Amino acid sequence: MQKPHCLGLRMRRVITFGTFDLFHYGHLQILKRAREFGEYLIVGVSSDSLNFAKKNRYPIYTQTERRDIIESIKYVNYVFIEESLELKRQYCLQYKVDILVMGDDWRGKFDSLKDICDVIYLPRTPSISTTQLIEKIRI
Ligand code: CTP
């Protein structure tokens, strides 16, 4: 079967953002489900300094390690480092995205981008997060 772009149809481009530290099953699920909304998935992996600014701690894995892990996921087509939370609109325009997908812990936060793309919030995978994993490992 021919791929959509071979037929002259434009691929739907989906974008999502996150830290993706200590990559876990919830991360895999959001990437898999995000990709189901289109044919090309772009992921903005937040930089180490952005995480420090947000959470007052550096991620366990460096941004290079986190980027390499996300790049190796079969649902993902392109990865970049997200340097600032304020640049979401610019990234969406730059990468010509059709759909922004985020977990529903972000519900409502990106509604202001609905003038340039669809914005979809997906339910989080229950009972797992990087923070929980760090706490479990510490015990
Ligand atoms: N995510 C999800 N289900 C989970 C955990 C995360 O769908 N159980 C989604 C988030 O909603 C976000 C993306 O995965 O869209 C990246 O989330 P991230 O903040 O990197 O992961 P968390 O595990 O939530 O990290 P933390 O505990 O540090 O907040």
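Source: prediction; values computed, not measured. Each ligand, and each atom within it, is numbered from 1 in the order the structure gives.
What sits closest to atom 15 (O) of ligand 1 on the protein, heavy atoms only, is G103 N, 3.1 Å. Nearest protein heavy-atom contact of atom 20 (O) of ligand 1 is F20 N, 2.8 Å. Looking only at protein heavy atoms, the nearest one to atom 14 (O) of ligand 1 is I30 CG2, 3.6 Å. Given atom 3 (N) of ligand 1, the protein heavy atom at minimum distance is T125 N, 3.1 Å. Among all non-hydrogen protein atoms, the one lying nearest atom 26 (P) of ligand 1 is T131 OG1, 3.3 Å.
The closest approach between K55 and ligand 1 falls below 4.0 Å for a heavy atom of the residue.
Ligand 1 has no nitrogen or oxygen under 3.5 angstrom from a nitrogen or oxygen of G18. At under 3.5 Å, a nitrogen or oxygen of I128, whether backbone or side chain, sits near a nitrogen or oxygen of ligand 1. Inclusion of D105 in the set of residues having an N or O under 3.5 Å from an N or O of ligand 1 is warranted.
Residue T19 touches ligand 1 through backbone and side chain together, judged by heavy-atom distances below 4.0 Å. Contacts between H24 and ligand 1 below 4.0 angstrom, taking non-hydrogen atoms only, involve the side chain exclusively.
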Problem set entry | Working for side-chain contact (heavy atoms from CB on, under 4.5 Å), residues I30 and F20 | CA-CA 11 Å; I30 192 108; F20 301 102; 4.2 Å; yes

For this session: In sequence, state the C-alpha distance, the side-chain angles, and the governing distance for S84 and Q90, and then conclude on side-chain contact (heavy atoms from CB on, under 4.5 Å).
Result: CA-CA 10 Å; S84 163; Q90 190 177 306; over 6 Å; no

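Put simply, the side chain of R67 never gets that close to the backbone of V79: no donor and acceptor are under 3.5 Å apart. Of the possible donor and acceptor atoms, none in the side chain of R89 sits under 3.5 Å from a partner among the backbone N and O of I116.
Following chains of ILVMFWY side-chain contacts shorter than 4.5 Å, one cannot reach V101 starting from L113, and the two form parts of different hydrophobic clusters.
At a threshold of 4.0 Å, the pair R12-D98 does not count as salt-bridged, since none of the basic side-chain nitrogens sits closer than that to a carboxylate oxygen.
The local environment of OH in Y61 is sparse, with at most 12 non-hydrogen atoms from other residues, nucleotides or ligands closer than 6.0 Å.
Here atom 18 (P) of ligand 1 lies nearest to H27 when heavy atoms of R57, K54, H27, R124 are compared.
Counting heavy atoms from C-beta outward, I70 and L31 have side chains that approach closer than 4.5 Å.
In the model, N51 has a side-chain atom that pairs as donor or acceptor with a side-chain atom of T19 under 3.5 Å.
The atoms of ligand 1 that sit less than 4.0 Å from any heavy atom of S129 are 23 (O), 27 (O).
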